[in-house]
Structure formats: structure tokens, C-alpha cells
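Data first, discussion second: the structure below is written as C-alpha cells.
Numbers here simply count residues along the sequence, with the first being 1.
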Amino acid sequence: MVRRTKEEAQATRKLILDTAEVVFHERGVSRTSLNEIALAAGLTRGAIYWHFKDKADLFNAMMERVTLPLEETAHRSDDESLDDPIAYMRSSFLQALRLTANDPQVRRVFGIAIHKVEYVDELLAVRDRHLRIRDECLLHAQRGVTLAMRRGLLPKRIPARAAALGLHAMIDGLIQNWLLDPEAFDLVKTGQQVLDAYLAGLAAPVASKG
């Protein structure tokens, strides 16, 4: 009986998250109330509050279902056991592009996060999480670049922080622009070309000053 109750609770939580994705995508996050999500899911508002303390908590849980695997992968960029941290980061970024292009749920959730959220009032907590995740990813990328420089895989042309910021801005910008108009370019093909050009620039020998 206890197991069935737990399974039912998990099923209800999943239903709420699935419904929130659809309603947020249709209406935008700020314009959607928890009551509207409850009605769309065929539940009471109390059922939503049983699982989530507020809309920001629900939104962040929706994001985590999609982004946690990508975040965990990105956080390995500075693992000392990696033979080539730059090759690992390249693979991780390309995987993020492939998932965005090919997985409808990832595409929908990223679209909501990028284009359908206003960081006001109760959603300030969403902004805080967004910034925290960005800063963590940047830190691991910076450490990965530093590791590559220490091993002689990259020249010390620019600060590791600047190289990591460039990588992050490039991938983030590609995804944002593609979500606005998926027919404009092939996200994976173009993304790989741009990423490889950027990494080649980082790896190019430093010109002598003579």
C-alpha cells in the first residue's frame, strides 16, 4: 500500500511537470498561474502545492529534468583524469546541440527558459538558479581550459576565464537564435563548424613578436 501511494505521488508529480511544460510553452511563465496548470492536469491547486512550494519551485523542477544530465556532464570538464579536457568539452557542447535539435522535450524546455520567462516577482528565484548554473558551468569550463593549458594542449594566449566565457556565449547564442527560427540553419552542423573554428583559434600557436 505504501509503495503504491509513493508510485501514485510520483505519477502525479510527473503529470504536473508534463502539464506545466505544455502550459508554460503556450502561455509564457509569468502569465500562467498554478491554478491554470492544475485545471489543465485535472488536479486541484492543493495537489500542486503538495509537490511544489510555488511557481518558481515548479519551474526549476521542470528545468532540472532536462538540464541536470547536461550540467553533470559539463561539470566533468576539469576532471584531472581526462586525457584531453578540450576534446571532452567539445563532445559535451555538441551533445547539448544534438539534444536541443532532436529531443522535443529539451527543445520545448529550453525555449521556455530562454524566450518565455520574465525574471520578476516570484520568478526571481528562477533567475537566481539560472545564474548559479551558468556560473558553475563557467567555472568548470575555465578549470578545463586551465588544465589544457597546463598540459600544453592550448597556448596561454588569453586568460582561461575569457576562453570559457567565449565558449559559453557562443553555444548559448547559437541555441537562442536557432530556437527563434529553427529553419534558419542546421544547429548541429553549423554549431560544430563554429565550435571547431573557435577551438582551432584557441589552439593556434602564439605568433612570435619578431
Side-chain angles (χ1 to χ4, degrees), residues 1-76 92-93 95-141 168-169 171-182 187:
M1 186 69 177
V2 173
R3 180 178 178 180
R4 182 178 178 183
T5 302
K6 183 178 180 181
E7 290 174 347
E8 288 173 346
Q10 291 174 339
T12 300
R13 188 176 191 275
K14 182 179 183 301
L15 173 62
I16 294 169
L17 290 169
D18 290 344
T19 305
E21 276 186 25
V22 174
V23 181
F24 284 155
H25 190 262
E26 290 176 350
R27 294 179 52 79
V29 180
S30 297
R31 294 180 58 199
T32 299
S33 68
L34 292 182
N35 191 55
E36 287 170 327
I37 294 172
L39 287 173
L43 301 169
T44 64
R45 192 167 62 173
I48 301 236
Y49 280 113
W50 176 262
H51 292 275
F52 307 99
K53 66 180 182 179
D54 53 28
K55 186 159 63 173
D57 188 35
L58 170 57
F59 180 90
N60 283 334
M62 181 198 73
M63 288 295 302
E64 286 172 359
R65 288 202 304 179
V66 167
T67 60
L68 274 180
L70 294 174
E71 290 163 11
E72 289 167 357
T73 299
H75 289 177
R76 280 205 63 221
S92 299
F93 282 128
Q95 177 64 4
L97 296 179
R98 290 190 190 99
L99 280 172
T100 304
N102 300 318
D103 188 312
Q105 183 184 31
V106 173
R107 187 162 61 249
R108 181 168 56 247
V109 170
F110 278 14
I112 294 168
I114 293 172
H115 297 302
K116 302 203 174 185
V117 179
E118 292 180 274
Y119 295 132
V120 295
D121 300 328
E122 61 186 331
L123 296 180
L124 287 175
V126 170
R127 177 181 180 274
D128 291 341
R129 180 187 182 277
H130 191 165
L131 290 175
R132 176 176 58 80
I133 297 303
R134 182 206 64 183
D135 290 345
E136 288 177 0
C137 289
L138 279 174
L139 178 61
H140 286 282
H168 183 274
I171 298 301
D172 196 47
L174 281 167
I175 290 174
Q176 287 194 40
N177 279 278
W178 183 81
L179 286 170
L180 278 173
D181 182 9
L187 179 61

Quiz item: Could you give all pairs that pass the salt bridge (Lys or Arg N to Asp or Glu O under 4.0 Å) test and reach residues 102-116, with sequence neighbours left out?
Solution: Glu21-Arg108
Quiz item: So which heavy atom on Ala47 is nearest to which on Ile16, and how close?
Solution: O-CD1, 3.9 Å
Exercise. List the atom of Ala41, the atom of Thr19, and the distance in Å for their closest heavy-atom pair.
Key: CB-OG1, 3.5 Å
Exercise. Evaluate side chain to side chain contact (heavy atoms under 4.5 Å, CB included) for Val22 paired with Glu26, printing each intermediate quantity in order.
Key: CA-CA 6 Å; Val22 174; Glu26 290 176 350; 3.6 Å; yes
Quiz item: Are more than 12 heavy atoms from other residues, nucleotides or ligands located less than 6.0 Å from atom CZ of Arg127?
Solution: no
Quiz item: Are side-chain heavy atoms of Asn177 and Asp181 found at a separation under 4.5 Å?
Solution: no
Exercise. Could you tell me which non-hydrogen atom of Arg65 sits nearest to which non-hydrogen atom of Lys14, and how far apart they are?
Key: NH1-CG, 3.9 Å
Exercise. Measure the CD1-OG distance between Ile48 and Ser33 for me, rounded to the nearest 0.5 Å.
Key: 9.0 Å
Quiz item: When the ring planes of Tyr119 and His130 are compared, do they come out parallel, tilted or perpendicular, using 30° and 60° as the limits?
Solution: perpendicular
Quiz prompt | Pairwise salt bridge (Lys or Arg N to Asp or Glu O under 4.0 Å) hits with a residue in residues 41-61, at least two apart | solution = Lys55-Glu122
Exercise. Show your reasoning for whether salt bridge (charged side-chain N to carboxylate O under 4.0 Å, His left out) applies to Glu36 and Arg31.
Key: CA-CA 10 Å; Glu36 287 170 327; Arg31 294 180 58 199; over 6 Å; no
Quiz item: CZ/Arg27 to CD1/Ile112 distance, rounded to the nearest 0.5 angstrom?
Solution: 13.0 Å
Exercise. Kindly compute the distance separating CZ (Phe110) from CD (Gln105), expressed to the nearest 0.5 Å.
Key: 10.5 Å
Table please: side-chain donor-acceptor pairs of residues 134-141 below 3.5 Å, with sequence neighbours left out.
unit_1, atom_1, unit_2, atom_2, d
Glu136, OE2, Arg132, NH1, 3.4
His140, ND1, His75, O, 3.1
His140, ND1, Asp78, OD1, 3.2
His140, ND1, Asp78, OD2, 3.2

Practice problem: Report the C-alpha distance between Leu187 and Thr100 in whole Å, list the side-chain angles of each, state the deciding distance to 0.1 Å, and finish with yes or no for side chain to side chain contact (heavy atoms under 4.5 Å, CB included). | Solution: CA-CA 8 Å; Leu187 179 61; Thr100 304; 3.9 Å; yes
Quiz prompt | Smallest separation among heavy atoms of Val29 and Val117, with atom names | solution = CG2-CG2, 3.6 Å
Self-check item: Atom CD of Glu118 with >12 non-hydrogen neighbours under 6.0 angstrom
Solution: no
Quiz item: Can you tell me how far the CZ atom of Phe52 sits from the CD1 atom of Ile37, to the nearest 0.5 Å?
Solution: 9.5 Å
Exercise. Could you tell me the separation between the CZ atom of Arg129 and the CG atom of Leu123, rounded to the nearest 0.5 Å?
Key: 13.5 Å
Quiz item: Can you tell me how far CD1 of Ile114 sits from CG of Asp172, rounded to the nearest 0.5 angstrom?
Solution: 6.0 Å
Quiz item: For Val120 and Ser30, which heavy atoms make the closest approach, and how far apart are they?
Solution: CG2-OG, 4.4 Å
Quiz item: Given side chains that start at C-beta, do those of Leu34 and Tyr49 come closer than 4.5 Å, heavy atoms only?
Solution: yes
Quiz item: For Val23 and Ala40, which heavy atoms make the closest approach, and how far apart are they?
Solution: CG2-CB, 4.0 Å
